[in-house]
Amino acid sequence: MSSHSVTAPKGRAKSCTSCRQVKLRCNVRDTYPGPCARCVTRKSECKMDPYFKRARARSPFGITPMVHNQVQSPDALENPRVSLQSIHPDEARVEVAIFSPHEPWLNLDSSPLSNDQLLDWALGQIDISRAVIIDLFDQFNKYYYVHLPILEPVESLEKLHHDSSALFWAVAFTASRHHPRHSKLYAQLREPVQEIISGLLRTPVPALKDFQALLIVCYWPLEVAAHSQDPSWMLAGFVVNAALHMGLDKAKDEGLFSHSRAQNSRDVFDRKYRRRTWMKTFQLSTQLCTWQGLQPHISSASYLARITEFCRQESDREVVAMTEIQQQVVRNTLSLDEFALHGPQVSLLHHMTHELEAIQTRHESGWSAAVQINLQGALLYLFAHCLLLADDHARSETKNSEASHFFATTMQRGHGAALQLIELIERLGIASSIDPACTEAENGGTLLLAHPKQHFRLAFQACLFLLNYLDCNLSASISDQVAAREAVLKVYQIFKQFTSRTEFDRAARTIEVLARSIVPGDRRIETIVKTRMGASLHYNAIWTAAKLRGRLHVPELVGAIAASEDPIGSSIGVDTLQLDPIFPWGIWDDTAYDELGLGLDDQSFAAFPGPMGPF
């Protein structure tokens, strides 16, 4: 009976939550305090909960109904151990809604072309045929535009190039990166496109379309050799300042120095795309602030009020939902000072979680996989921030029961959010071929490659949260440990399938360093960085991974559990668990591990040498 957790019947509940979810007869009243017959047969948790409400039978993202209800139920805060095995997979798996519909962007004129229009397009020393350019724009239109629907419809490539060569080439360059036929153009275009972008940074941005080119490069930044070389944060700061200077955050045009900014005025550009450009700028800024662990740039009451007004005017519900998620992230980040002042508060955590989850109810018609990924990422950041604030209380010698309960509750809720996020990433990202291109799954590709870089950062963050969960959560059930390990392995395998992408390889190796060393409850991830709010989680993980690479100076990890033939089972007490043998948990196998090219030298966090580091 130890594998079941039947709580005492409360109120008028006459059946367990599992049977109530699928509307089946339950005999738990006859078998109490044991589980009902159905839960015994299915080896699932049997629980009585008077607050339980049936989830709708079909969720657009395959979220387990039991988990969704337990996250929202008040009882979930009182009982932090939430089983993810309560619903049979066949009852919960449904199709993912990949995209929310948008108006068409590319609508080229089909009339005959003049001789001038048949000429190749040239950038620097590179000539590209019109047919290839159309292929690239079609790729952007089908897979990328849905994530950044800020561009006015294009009917003529010549006119777009005339209006803004920066935007023209930013679109072509971004679409070439993972194109199934034209990916070699990415390396050829990189240097001349960088020159165009650098030119825009040297003077105030002259026009909205040039600004949108910068925003595209921020959402799909250039690949870099090391995390320390990533210019995304600096470029995002420029973009925010440029947007404010252009007055994109204003509902009305500004008149400065006795003239209006005609190039960016509401009369020149469609108000809808001008408004969306600012909303996407706000989203980008807030997302990068959370990734860096810094206070949001756009956080004043007046800014948030204007953004709320923009949301009221916007017809694209997906854009509104994404914006409202980041608005709530800003509010939560500012409110979390209460934790530092008054200690952990379960009620405040519940309120913040409820405010985020309520966004889905308001915008269900515009909900998509991308929005769900960002929602779970926002929840994860909240939980990671709370864990940092509660960590000192939970680890202190004089154990504070309230702080420990808050720590365990937050950890378990983050466990559920991380699993949901990784499940989405897996369903979007698993391809049938190695090093896939950005195309449909039936063609051997994966559309995940068209997602903004932020989604990969969130997958990495979810993976690190689960590693931290395994590292310090002594109260976690066996099934929850298994679920966390399997999810980490999924992210690792997704990243490793992109063999020619150095950023994915670097992130995968960092995950592997940590996963090889962690034994549940041993607390091997050190809490060194405490100043970066929720992002402290991945800073500390990188610190620990860098230290572990110099493992000759960490004797307790050298050869840890080296004699074990079943590394996973020995770590968590499960003899039958079988995962990928290339991923040995809790073992340092030097022979296999050093084939990856990771040396024994000490690694400092500041330098980020070699392939270590996040996205």
Side-chain angles (χ1 to χ4, degrees), residues 100 102 146-151 205 208 211-212 214-216 218-219 233 235-254 261 264-266 269-292 294-336 351-352 354-368 370-375 377-379 381-382 452 454 533:
S100 180
H102 290 271
V146 66
H147 299 292
L148 197 62
I150 63 174
L151 308 178
V205 180
L208 182 63
F211 176 85
Q212 291 169 336
L214 292 175
L215 205 54
I216 288 174
C218 286
Y219 269 78
W233 174 248
L235 187 56
F238 180 92
V239 164
V240 171
N241 288 326
L244 295 174
H245 180 69
M246 297 166 70
L248 298 183
D249 63 309
K250 306 294 194 300
K252 298 180 179 180
D253 288 333
E254 293 179 291
R261 297 171 177 178
N264 310 304
S265 73
R266 288 149 58 96
F269 289 96
D270 189 309
R271 298 180 183 185
K272 174 173 61 178
Y273 300 107
R274 189 175 183 271
R275 179 177 61 242
R276 287 183 189 175
T277 299
W278 170 243
M279 295 169 75
K280 283 296 183 180
T281 301
F282 167 71
Q283 293 174 26
L284 171 75
S285 173
T286 306
Q287 289 166 348
L288 282 177
C289 283
T290 56
W291 175 246
Q292 296 288 338
L294 300 172
Q295 289 284 352
H297 288 155
I298 307 169
S299 58
S300 72
S302 60
Y303 280 136
L304 294 180
R306 286 200 294 269
I307 290 170
T308 299
E309 183 59 32
F310 278 19
C311 288
R312 292 194 187 103
Q313 300 169 9
E314 179 55 51
S315 60
D316 189 319
R317 306 321 296 167
E318 182 177 13
V319 173
V320 174
M322 297 273 273
T323 303
E324 288 192 6
I325 288 171
Q326 297 310 316
Q327 275 186 295
Q328 193 59 43
V329 168
V330 172
R331 297 188 187 102
N332 288 348
T333 302
L334 298 179
S335 299
L336 281 173
H351 172 73
M352 292 178 174
H354 179 268
E355 289 297 310
L356 278 168
E357 292 174 338
I359 297 172
Q360 182 173 356
T361 304
R362 292 197 299 271
H363 302 292
E364 190 169 3
S365 62
W367 211 255
S368 67
V371 184
Q372 183 72 2
I373 288 170
N374 278 274
L375 175 63
L379 288 167
Y381 185 77
L382 169 63
Q454 175 65 10
M533 298 183 287

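The first residue of the sequence shown is numbered 1, and numbering continues consecutively from there.
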ask   = Do Gln287 and Asn374 have side-chain N/O donor and acceptor atoms under 3.5 Å apart?
value = yes

inquiry  = How long is the straight-line distance from CD of Gln326 back to CG of Leu304, given to the nearest 0.5 Å?
reply    = 11.5 Å

ask   = For His297, what residues pass the side-chain hydrogen bond (donor to acceptor under 3.5 Å, both in side chains) criterion, not counting sequence neighbours?
value = none

query = Any side-chain heavy atom of Tyr303 sitting closer than 4.5 Å to one from Val330?
reply = no

message = When you measure from the side chain of Thr281 to the backbone of Thr277, do you find a donor-acceptor pair of N or O atoms at a distance under 3.5 Å?
response = yes

request  = Please lay out, stage by stage, how Trp367 and Thr361 fare under the test side chain to side chain contact (heavy atoms under 4.5 Å, CB included).
outcome  = CA-CA 9 Å; Trp367 211 255; Thr361 304; over 6 Å; no

ask   = Once you round to the nearest 0.5 Å, how far does CG of Leu284 lie from SG of Cys218?
value = 5.0 Å

query = Taking Val371 as the fixed residue, which of His363, Gln360, Glu318 is the one that meets the side chain to side chain contact (heavy atoms under 4.5 Å, CB included) rule?
reply = Glu318

inquiry  = Taking the side chain as everything from C-beta on, heavy atoms only, tell me whether Val239 gets closer than 4.5 Å to Phe211.
reply    = yes

query = Taking only residues two or more places apart in sequence, or in another chain, which ones meet Thr323 in a side-chain hydrogen bond (donor to acceptor under 3.5 Å, both in side chains)?
reply = Gln283

inquiry  = Do Leu208 and Leu248 make a side-chain contact, defined as non-hydrogen atoms from C-beta onward lying under 4.5 Å apart?
reply    = yes

task = Enter the distance from Gln327:CD to Ile307:CD1 here, rounded to the nearest 0.5 Å.
result = 5.5 Å

request  = State, yes or no, whether a side-chain contact exists between Asn332 and Tyr381 at a heavy-atom distance under 4.5 Å.
outcome  = no

Separation of Arg276 CZ from Leu148 CG (nearest 0.5 Å) = 10.5 Å

request  = Hey, could you give me the CG/CG distance between Leu235 and Leu215, rounded to the nearest 0.5 Å?
outcome  = 9.0 Å

task = Would you check if Leu334 and Gln295 make a side-chain contact, meaning some heavy-atom pair closer than 4.5 Å?
result = yes

note = dist Phe282:CZ -> Met322:CE (nearest 0.5 Å) comes out at 12.0 Å

ask   = So, do Trp278 and Leu244 sit near enough that their side-chain heavy atoms are less than 4.5 Å apart?
value = yes

request  = Apply side chain to side chain contact (heavy atoms under 4.5 Å, CB included) to the pair Lys272 and Arg275, showing each step before the final yes or no.
outcome  = CA-CA 5 Å; Lys272 174 173 61 178; Arg275 179 177 61 242; 3.9 Å; yes

ask   = Is there any salt bridge (charged side-chain N to carboxylate O under 4.0 Å, His left out) pair reaching into residues 295-310, and which pairs are they, with sequence neighbours excluded?
value = Asp249-Arg306, Glu309-Arg312

ask   = Tell me, do Val329 and Pro296 make a side-chain contact under 4.5 Å, heavy atoms counted?
value = no

query = Would Met533 and Leu336 count as a side chain to side chain contact (heavy atoms under 4.5 Å, CB included) if you check the C-alpha gap in whole Å, the side-chain angles of each, and the deciding distance to 0.1 Å?
reply = CA-CA 9 Å; Met533 298 183 287; Leu336 281 173; over 6 Å; no

query = Under the 3.5 angstrom rule, does the side chain of Tyr219 hit a backbone N or O of His147 as a donor-acceptor pair?
reply = no

inquiry  = Please find the pair of heavy atoms, one from Arg317 and one from Ser365, that lie closest to each other, and give the distance.
reply    = CG-OG, 3.7 Å

inquiry  = For Ile359, is there any backbone N or O sitting under 3.5 Å from a side-chain donor or acceptor partner on Glu324?
reply    = no

